[in-house]
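Step one of this worksheet: look at the structure below.
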Amino acid sequence: WECLFPLSQCDNEPLAQILDKPRLVVVEEPKDRGMRFRYQCEGRSAGSILGASSTDSNKTQPTIEVHTWFLFLRWEFNISETVGKYFLYFVSSCSFANLGIQCVKRKELDDSLQKRRNQNIDPFQSELGAQTGIEDMDMNSVRLCFQCELEWEDGRKDSLSPVVSKPIYDKKATTTSELKIYNLNKFKGSCKGKTEVYMLCDKHTKRPVPSQTSYVNQMF
DNA sequence: AACGTGATCCC
DNA sequence: TGGGATCACGT
């Protein structure tokens with residue numbers, strides 16, 4: 001366990017008491033865009049999802065932590081009273097490297113969900129797709145779900161409530177991929193407005209850059 | 001039947 | 001990893 005405040009500040013042995021059920025917390029969300037969902041036929045590796053705050057020089061992974069609040073009571077001799085303080089501890093932390101998303105073919109969606117039901121994988125008891133119907137299930141975005149069970153020294157177990165990450169969007173899908181600007185006809189405009197700006201983005205069929213005059217016609 | 005789009009597969 | 005070919009299907 002790691003203490004988030006300096007224990008040396010406690011001049012006598014504190015009495016600790018857990019105030020709440022420990023909670024599972026997503027402390028580093030997955031990067032929401034930039035990864036492609038891969039089909040099984042595309043091979044073993046589906047890539048690895050980085051953390052939302054990841055940079056080239058400082059890579060992070062999606063990370064969860066178990067948090068719990070403790071109450072510490074100690075005697076303050078000079079004030080002659082018992083004072084309590086809350087401190088946040090984190091019990092443990094877990095990062096996930098090399099998470100990738102493997103997508104299921106629409107036709108195999110039914111089977112895939114059934115498989116999950118059979119394995120009892122349904123953290124929110126949502127009956128997997130029962131409410132929306134799989135027809136209009138969004139196949140281009142997912143959330144990661146984390147579950148955790150704690151076992152205390154006395155053998156008691158705590159099943160923590162499952163948590164989900166923010167959504168992750170498929171980079172390959174035209175509907176959710178990041179649009180990259182590859183051409184702009186103007187880079188500034190009047191504060192009064194009325195400047196028409198045409199912006200060409202990725203996912204259009206690329207073509208030779210047209211002349212300034214033919215631009216608009218080509219675009220629309 | 002041709003075309004357009006998204007899904008899937010291939011390299 | 002990313003681009004593109006190919007498939008599937010609706011119009």
Side-chain angles (χ1 to χ4, degrees), chain A residues 26-64 94-124 126-146 164-187 196-220:
Chain A
V26 180
V27 293
E28 174 73 350
E29 293 283 348
K31 205 169 180 328
D32 61 352
R33 279 169 214 276
M35 280 292 300
R36 225 155 101 165
F37 296 2
R38 296 289 186 172
Y39 289 91
Q40 193 167 28
C41 67
E42 290 187 288
R44 46 307 66 125
S45 163
S48 47
I49 298 169
L50 294 169
S53 67
S54 193
T55 61
D56 284 343
S57 56
N58 188 17
K59 293 208 189 313
T60 64
Q61 280 86 231
T63 305
I64 54 171
C94 184
S95 297
F96 299 88
N98 304 116
L99 283 180
I101 294 169
Q102 190 174 80
C103 49
V104 171
K105 292 198 269 184
R106 258 216 131 81
K107 279 184 178 164
E108 292 164 11
L109 188 50
D110 238 341
D111 287 347
S112 176
L113 289 174
Q114 190 55 47
K115 204 174 285 175
R116 265 150 239 260
R117 287 188 203 101
N118 294 154
Q119 296 174 103
N120 238 340
I121 302 175
D122 190 4
F124 295 98
S126 65
E127 289 163 41
L128 293 171
Q131 65 290 78
T132 31
I134 61 172
E135 296 311 318
D136 30 45
M137 191 175 271
D138 180 4
M139 304 288 280
N140 298 134
S141 69
V142 294
R143 294 172 189 263
L144 305 178
C145 179
F146 301 99
V164 291
S165 72
K166 297 202 173 129
I168 302 169
Y169 303 97
D170 186 7
K171 186 187 182 191
K172 177 74 168 173
T174 47
T175 46
T176 53
S177 68
E178 218 161 28
L179 285 179
K180 287 217 176 77
I181 299 168
Y182 73 86
N183 224 325
L184 262 178
N185 68 335
K186 286 189 177 122
F187 294 86
E196 285 191 17
V197 178
Y198 297 94
M199 186 168 74
L200 299 186
C201 293
D202 239 357
K203 308 298 168 191
H204 279 283
T205 307
K206 290 186 183 171
R207 57 189 84 178
V209 180
S211 70
Q212 197 76 346
T213 46
S214 62
Y215 217 104
V216 177
N217 295 335
Q218 296 234 5
M219 176 75 190
F220 298 101

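Predicted, not measured: the structure shown is a model, and the values here were computed from it. Numbered from 1 within each chain, the chains take letters A, B, ... in sequence-line order.
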From CG of A/Asp170 across to P of C/dT1 the rounded distance in Å is 13 Å
A/Asn140 CG to B/dA7 C1', in whole Å, measures 9 Å
| query | Under the 3.5 Å rule, do the base of C/dG3 and the side chain of A/Arg36 count as making a donor-acceptor pair? | reply | yes
In whole angstroms, the gap separating P of C/dT1 from CD1 of A/Ile49 amounts to 11 Å
note: A/Lys105, atom NZ; C/dC7, atom C1'; distance rounded to Å ~ 11 Å
Correct closest heavy-atom pair for A/Phe37 and A/Glu42 would be O-OE1, 4.2 Å
(message) Using side-chain heavy atoms (C-beta onward) and a distance below 4.5 Å, is A/Gln40 in contact with A/Gln102?
(response) yes
Testing C/dT1, B/dC9, B/dT8 for proximity to the side chain of A/Cys41, the answer is B/dC9
Phosphate OP1/OP2 of C/dG2 contacted by A/Lys172 side-chain N/O (<4.0 Å): no
Could you check whether any side-chain heavy atom of A/Ile168 comes within less than 4.5 Å of a side-chain heavy atom of A/Arg143, counting everything from C-beta outward? no
Query raised in the report: Does A/Tyr39 have a side-chain nitrogen or oxygen under 4.0 Å from the phosphate oxygens OP1 or OP2 of B/dT8?
Result: yes
Whole-Å distance, A/Phe37 CZ to B/dC9 C1', equals 17 Å
Q) Less than 4.5 Å apart, any side-chain heavy atom of A/Phe124 and any of A/Val164? A) yes
When rounded to whole Å, the CZ to P distance for the pair A/Arg38 and B/dC10 reads 13 Å
Open item on the list: Does C/dG3 have its OP1 or OP2 closer than 4.0 Å to a side-chain nitrogen or oxygen of A/Lys171?
Closed with: no
From CE of A/Met35 across to P of C/dG2 the rounded distance in Å is 9 Å
Between NZ of A/Lys107 and P of B/dT8 the distance, given in whole Å, is 9 Å
